[in-house]
Protein chains: 2
Amino acid sequence: MNLQRALEELKEKGHKYTDKREDLLRFFYEQNGYRTARDVKIMMEDKYPGISFDTIYRNLHLFVDLNLLEVTELEGEKHFRMKCESKHHHHFICLDCGKTKEIHTCPMQQVSGELQDYAIENHKFEIYGKCPACK
Amino acid sequence: MNLQRALEELKEKGHKYTDKREDLLRFFYEQNGYRTARDVKIMMEDKYPGISFDTIYRNLHLFVDLNLLEVTELEGEKHFRMKCESKHHHHFICLDCGKTKEIHTCPMQQVSGELQDYAIENHKFEIYGKCPACK
DNA sequence: TTGTAAATAAGAATGATTCCGATTTAACGC
DNA sequence: GCGTTAAATCGGAATCATTCTTATTTACAA
């Protein structure tokens, strides 16, 4: 899903187009890593001085609901990244720069047998460390 | 490791014995699930009215450092549980009651090949849902 | 028993996130 | 284009988890 398609999706679901939303989405589409609300604010303040955290969080959560972004919790802070289009996978996350690498191993098939009477809702498999550039 | 052994460990590392520390550890040893600092405070207030969050957090972190407790981040809050003694494994976590079930599948062996030039520091594999009792 | 460093209490401070009331704006129909 | 209206935004206060600070208390070794 590219930026144009994402913006159409927004409209189809009855949300309004705003410059801020386009720029926020573009920010995530232009990188391959997790970013915090604070990162977003710093980036947006160039063009929109005085943009409020309320706007940023509201939109981040909207985009997560619309499945345009995904979120993970790291060091007491929510981190967001563009939603991957490729088939189900997990991520290595660089603790320095936030960049990610896809991991195409998922242990859930082997696990299901161990959880017969449990209602599985979701799962998280993440690997943390330093990417080659930050090492 | 049982409660007595944990308390000895405390002393060996040069920390003092206090009733609060014993009760805090016992609380975790008596259950099999993740609990928040708030949960601990509520439990402790019966016996120690006016116990401060500072004391609770300080001790929780001390016990994590001493490898007596482990911690995970869930819904914007840190959750703690007794450190498991059995060999490396992961957990199913009930989103209602916090109780856990050990998962004896770890995908890290298969993954290492995908991360040749990366410095892996740690990883997290957790499954979330409802346990049989809460379902 | 006493000295001292560790532990604790109480409450202020911090940092991320959410809420609220007032204002602005996108989009729709005319 | 113009007016209407619900959605979006702003600015700042509020909230919630967590940490810090300062003064006081306590465990325990000598």
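Letters A, B, ... are given to chains in the order of the sequence lines, protein chains preceding strands, and every chain is numbered from 1.
The separation between Leu60(B) atom CG and dT19(D) atom C1' is 13 Å, rounded to whole Å. Note: CD (Glu77(A)) to C1' (dT18(D)) measures 13 Å, nearest angstrom. dA10(C) atom C1' lies 14 Å from atom CD1 of Ile56(B), rounded to whole Å. Spacing between atom CG of Asn59(B) and atom C1' of dA7(C) amounts to 8 Å, rounded to whole angstrom units. Rounded to an integer number of Å, the gap from CD1 of Ile42(A) to P of dG15(C) is 13 Å. A straight line from NE2 of His61(A) to P of dA7(D) spans 20 Å, rounded to a whole angstrom. At whole-Å resolution of the value, OH in Tyr57(A) and P in dA13(D) are 18 Å apart. Taking atom CZ on Arg58(A) and atom P on dG21(C), their separation rounds to 16 Å, with Å as the unit.
Closest contact between the side chain of Phe53(B) and the listed nucleotides dT19(D), dA7(C), dA27(C) involves dT19(D). The side chain of Thr55(B) approaches dT8(C) more closely than any other nucleotide in the set dT17(C), dT19(D), dT8(C). You'll find that the side chain of Ala37(B) is closest to dT18(D), out of dT18(D), dT8(C), dT18(C).
Residues Val111(A) and Ile103(A) fall within the same hydrophobic cluster, defined by Ile, Leu, Val, Met, Phe, Trp and Tyr side chains chained together at heavy-atom separations under 4.5 Å.
Annotation: cation-pi pair Lys130(A)/Tyr118(B) absent, no NZ/CZ under 6.0 Å from the ring centroid and within 45° of its normal. By the 6.0 Å and 45° rule, Lys124(A) does not stack over the aromatic ring of Phe125(B).
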>> Test ring pair (Phe, Tyr, Trp, His ring centres under 6.0 Å) on His123(A) and His90(A); report intermediate values, then the result.
In response: CA-CA 10 Å; His123(A) 65 284; His90(A) 296 282; 5.0 Å; yes
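The residue Lys41(B) sits apart from the nucleic acid: no heavy atom pair falls under 4.0 Å. Within the 4.0 angstrom heavy-atom criterion, no nucleotide atom of any strand lies near His79(B). When heavy atoms are screened at a 4.0 angstrom cut-off, Asp54(B) is found touching base atoms of the nucleic acid.
Between the CZ atom of Phe80(B) and the CG atom of Leu68(B) there is a distance of 13.0 Å, given to the nearest 0.5 Å.
Against DNA chain D, the stretch residues 13-25 of chain B makes heavy-atom approaches under 4.0 Å through Lys16(B), Tyr17(B).
Between the Asn32(B) side chain and the Thr100(B) main chain, a donor and an acceptor come within less than 3.5 Å of each other.
Ring-plane geometry between His61(B) and Tyr57(B) is classed as tilted, the angle between the planes lying from 30 to 60 degrees on a 0 to 90 degree scale.
Applying the 4.0 Å criterion to OP1 and OP2 of dA16(C), one finds that Arg38(A) has a side-chain N or O inside that range.
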